[in-house]
Asker: 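Take a look at the following structure, please.
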Amino acid sequence: MKKKQIVLSLGTILGGIALFHTSADAASTSVQVKTGDTLWSIATKYQTSVQNLKTQNNLKSDVIHVGQTLVISSSASPAKPVDTAKPTPATPNTASTYTVQSGDTLYKIAAKFKMSVSDLKRLNSLSSNIIYVNQKLKVSRQATPSNPKPEVTKPQTPTVSTNGTYKVQQGDTLSKIAAQFKMSVSALKTANNLKSDIIYVNQVLKVTTSGAAPSTPNAGTPPTTTPTNGQLNISKMITDAKKYMGVPYKWGGTTPSGFDCSGFIYYVMKQQVSMPRYTTMGFWNASKSVSQPQPGDLVFFTTYAPGPSHLGIYLGNRQFIHAGSSTGVTISSLDNSYWSKRYLGAKRFSK
């Protein structure tokens, strides 16, 4: 009888130990960082947040390296892959919710439902711009996905004020304005003390006061908006930048498959001008400080290293577009608690 009790006790103890180890193993899982991984992509894959991932692994920054092992809580599980064999257009359901599809971003969803990103985040109590496939989001009850029609603009004859000034319109370049007012680009730059060929919408420029009337573009031939070498069309630059919303972050990346912060700015600008591949410090040194940023100016921040180590393109209304290490290409606010503490100032790029 005593032998049976001893055997039974030993079986109970061993079973308890096995159960303890099984529970401990289930408490967390480990993932090895692969080429191309970011905290954002891993957090999205395992349906957790970047902040939770950093807290669990005692990370002080968003920098990770290939081969590094990260611990992920048991509540996180890899997101199910999306079947892309037969893509079907996403349709919002009647309960005023929307299911996130592969390739969606908050900016894209907000535009589709005629909402602002801030309203969409507020409605869903989101504290960041991170969303994941199959996530349910509340959307405006009255709104329906918009199918924007291409905007057709008629060529306008530039108007000059009585004091010999001209207000820059969307699509203008220095060469275009100079041709319309029968001036040379160098004369136009000299008259306005311009050190570079960059201009922005609503900027007021001095033009010829010799009485020469601005030329009217031929009705049969639309005026060209292609900038010559060294010029940046700010409206086009901002439009181009917004095309890449949601592109993931990639250290050293300079293509739409992945950008880092300076690689994103370089790629957008090189669509118009020939330029070297600047780093953040390179853009800082090649730009001139401005007291108040205008759309198209560069805004700089200090992040993982002293001095300028991150930058974006200013959009106006204290918003800027940039490639964040945990968000990919996104739009952020200068008033955001993270960025406001790290803001170094604005500069105007002059090639």
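Since this is a predicted model, take the numbers as computed values, not measurements.
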Asker: Looking at every non-hydrogen atom in both residues, tell me the closest pair between Ala43 and Ser49 and how far apart they are.
Answerer: CB-C, 3.8 Å

Asker: What residues form a side chain to side chain donor-acceptor pair (under 3.5 Å) with Thr279, not counting sequence neighbours?
Answerer: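 Checked Thr279 against side chain to side chain donor-acceptor pair (under 3.5 Å); zero matches.
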
Asker: Indicate if Met269 and Val247 have the same hydrophobic cluster label, given that clusters are the connected sets of ILVMFWY residues with side-chain heavy-atom separations under 4.5 angstrom.
Answerer: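 Yes: a chain of side-chain contacts under 4.5 Å links Met269 to Val247.
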
Asker: If I take atom OG1 from residue Thr303 and atom NZ from residue Lys341, how far apart are they, to the nearest 0.5 angstrom?
Answerer: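 Reported to 0.5 Å precision, the distance equals 13.5 Å.
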
Asker: Are Trp284 and Leu311 connected in a single hydrophobic cluster, I mean Ile/Leu/Val/Met/Phe/Trp/Tyr linked by side-chain heavy atoms less than 4.5 Å apart?
Answerer: yes

Asker: Can you tell me which residue among Ile72, Thr48, Val50 is in a side chain to side chain contact (heavy atoms under 4.5 Å, CB included) with Ile42?
Answerer: Ile72

Asker: Looking at every heavy atom in both Asn57 and Thr69, which two are closest together, and how far apart are they?
Answerer: OD1-O, 4.3 Å

Asker: Of all heavy-atom pairs between Ser332 and His322, which one has the smallest distance, and what is that distance?
Answerer: OG-NE2, 2.8 Å

Asker: Closest heavy-atom contact between Ser262 and Arg277?
Answerer: OG-NH1, 2.8 Å

Asker: Does Asn336 reach the main-chain N or O of Tyr338 with its side chain, forming a donor-acceptor pair under 3.5 Å?
Answerer: yes

Asker: In this structure, which one of Phe283, Tyr267, Phe264, Tyr266 forms a ring pair (Phe, Tyr, Trp, His ring centres under 6.0 Å) with Tyr278?
Answerer: Phe283

Asker: Is it true that a side-chain atom of Gln272 and a backbone atom of Asn233 form a donor plus acceptor pair closer than 3.5 Å?
Answerer: yes

Asker: Please evaluate residues Thr97 and Lys138 with respect to the criterion side chain to side chain donor-acceptor pair (under 3.5 Å), reporting the C-alpha separation (whole Å), side-chain torsions for both, the decisive distance (0.1 Å), and the verdict.
Answerer: CA-CA 4 Å; Thr97 62; Lys138 296 176 184 177; over 6 Å; no

Asker: How far does CG of Leu106 sit from CD1 of Ile131, to the nearest 0.5 angstrom?
Answerer: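 Going from CG on Leu106 over to CD1 on Ile131, the span is 4.5 Å.
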
Asker: For the hydrophobic clusters of this structure (ILVMFWY residues joined by side-chain heavy atoms under 4.5 Å, transitively), does one cluster hold both Phe320 and Met237?
Answerer: no

Asker: Any link between Val117 and Trp339 through a network of hydrophobic side chains (Ile, Leu, Val, Met, Phe, Trp, Tyr) touching at under 4.5 Å?
Answerer: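 No.
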
Asker: If you count the non-hydrogen atoms of other residues, nucleotides and ligands that lie under 6.0 Å from CG in Asp335, is the total more than 12?
Answerer: yes

Asker: Is any side-chain heavy atom of Ile64 less than 4.5 Å from a side-chain heavy atom of Leu39?
Answerer: yes

Asker: Just checking Lys250: does its NZ atom have more than 12 heavy atoms from other residues, nucleotides or ligands closer to it than 6.0 angstrom?
Answerer: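 No, not enclosed.
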
Asker: Go through the steps to decide whether Lys242 and Leu315 satisfy the test side chain to side chain contact (heavy atoms under 4.5 Å, CB included), and finish with yes or no.
Answerer: CA-CA 10 Å; Lys242 288 181 177 179; Leu315 303 177; 4.2 Å; yes

Asker: Is it true that a side-chain atom of Asp260 and a backbone atom of Gly252 form a donor plus acceptor pair closer than 3.5 Å?
Answerer: yes

Asker: How long is the gap from CG on Leu205 to OG1 on Thr165, to the nearest 0.5 Å?
Answerer: 9.0 Å

Asker: Give, for atom CG of Asp104 and atom CG of Leu137, the distance between the pair rounded to the nearest 0.5 Å.
Answerer: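 These two atoms lie 8.5 Å from each other.
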
Asker: Can you tell me how far apart OG1 (Thr239) and CD1 (Ile234) are? Round to the nearest 0.5 Å.
Answerer: 11.0 Å

Asker: Considering all heavy atoms of both residues, which atom of Leu334 and which atom of Tyr314 are nearest to each other, and what is their separation?
Answerer: CD1-CE1, 3.9 Å

Asker: Which pairs would a plain distance check flag for residues 288-302, meaning a side-chain donor or acceptor within less than 3.5 Å of a matching protein atom at least two apart in sequence or in another chain?
Answerer:
| unit_1 | atom_1 | unit_2 | atom_2 | d |
| --- | --- | --- | --- | --- |
| Asp297 | OD1 | Arg348 | NE | 2.7 |
| Asp297 | OD2 | Gln294 | N | 2.7 |
| Asp297 | OD2 | Arg348 | NH2 | 2.9 |
| Thr302 | OG1 | Ala305 | O | 2.8 |
| Thr302 | OG1 | Gly307 | O | 3.1 |

Asker: List the steps, then state whether side chain to side chain contact (heavy atoms under 4.5 Å, CB included) holds for Leu188 with Phe181.
Answerer: CA-CA 9 Å; Leu188 187 57; Phe181 288 94; over 6 Å; no

Asker: When you compare the side chains of Ser309 and Thr280, does any donor N or O come within less than 3.5 Å of an acceptor on the partner?
Answerer: no

Asker: Less than 4.5 Å apart, any side-chain heavy atom of Leu232 and any of Met275?
Answerer: no

Asker: If you apply the rule side chain to side chain contact (heavy atoms under 4.5 Å, CB included), what do you find for Leu123 with Met115, and how did you get there?
Answerer: CA-CA 11 Å; Leu123 190 60; Met115 305 171 66; 4.1 Å; yes

Asker: Taking Leu59's backbone N and O only, do any of them form a donor-acceptor pair with Lys54's side chain (distance below 3.5 Å, no angle check)?
Answerer: no

Asker: Drop me the distance from Thr38's OG1 to Trp251's CH2, to the nearest 0.5 angstrom.
Answerer: 13.5 Å

Asker: Provide the closest heavy-atom pair for Met245 versus Ile321 in the form atom of the first, atom of the second, distance.
Answerer: SD-CD1, 3.8 Å

Asker: Under the rule for side chain to side chain donor-acceptor pair (under 3.5 Å), what residues qualify as partners of Ser325, not counting sequence neighbours?
Answerer: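 With neighbours one apart ignored, the set is Asp62.
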
Asker: Keeping Gln169 on the side-chain end and Lys167 on the backbone end, is there a donor-acceptor pair under 3.5 Å?
Answerer: yes

Asker: Could you see if Val268 belongs to whatever hydrophobic cluster contains Ile265? Use Ile, Leu, Val, Met, Phe, Trp, Tyr and a side-chain cutoff under 4.5 Å.
Answerer: yes

